[in-house]
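Report on the structure given below.
Computed from a prediction, not measured in an experiment: that's the story for all the values here. If you read the sequence from its start, that first residue is 1, and numbering goes on from there.
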Amino acid sequence: CSGKAKIVSDVTARHELLNKFLTHFNVRLGKKPGENLIPKEAAARVGCVAISIKSMTGRKKTEKKQ
């Protein structure tokens, strides 16, 4: 993979990114999108790195043959 990574120092931006990340996985796990979101106070106490992927290499997923 190649791309860019940047440390998110702004608390509001960090809060929004962390909750966007959680919402994505809540939906995939069958939970409600707004469930178990991070409070802004907690986002202020953690680090966050935003990663933008420019290109990826690897094998393409194929359908399983039965």
**OP:** Return the set of residues passing side-chain hydrogen bond (donor to acceptor under 3.5 Å, both in side chains) with Ser52 (not counting sequence neighbours), or none when no residue passes.
**Re:** none
Original post:
From Met56 CE over to Ser2 OG, what is the distance, rounded to the nearest 0.5 angstrom?
Top reply: 10.5 Å
Original post:
Which other residues belong to the hydrophobic cluster containing Val11, where Ile, Leu, Val, Met, Phe, Trp and Tyr are joined when side-chain heavy atoms lie under 4.5 Å apart, directly or via other members?
Top reply: none
Kindly list each side-chain donor-acceptor pair under 3.5 angstrom involving residues 38-48, sequence neighbours excluded, with atom names and distances?
{"residue": "Lys40", "atom": "NZ", "partner": "Thr12", "partner atom": "OG1", "Å": "3.0"}
{"residue": "Arg45", "atom": "NH1", "partner": "Glu41", "partner atom": "O", "Å": "3.3"}

Original post:
Which ring pair (Phe, Tyr, Trp, His ring centres under 6.0 Å) pairs, counting each pair once, include a residue from residues 26-54, with sequence neighbours left out?
Top reply: none
**OP:** Name all pairs fulfilling the side chain to side chain donor-acceptor pair (under 3.5 Å) condition that reach into residues 19-32, sequence neighbours left out, sorted by first residue then second.
**Re:** His15-Asn19
Original post:
Are Ile7 and Ile51 grouped together when hydrophobic residues (ILVMFWY) are joined by side-chain heavy atoms under 4.5 angstrom apart?
Top reply: yes
Original post:
Is there a chain of hydrophobic side chains (I, L, V, M, F, W, Y, each step under 4.5 Å between heavy atoms) that links Val8 to Leu18?
Top reply: no
Subject >> side-chain hydrogen bond (donor to acceptor under 3.5 Å, both in side chains) against Ser9, all qualifying residues, sequence neighbours excluded >> reply: none
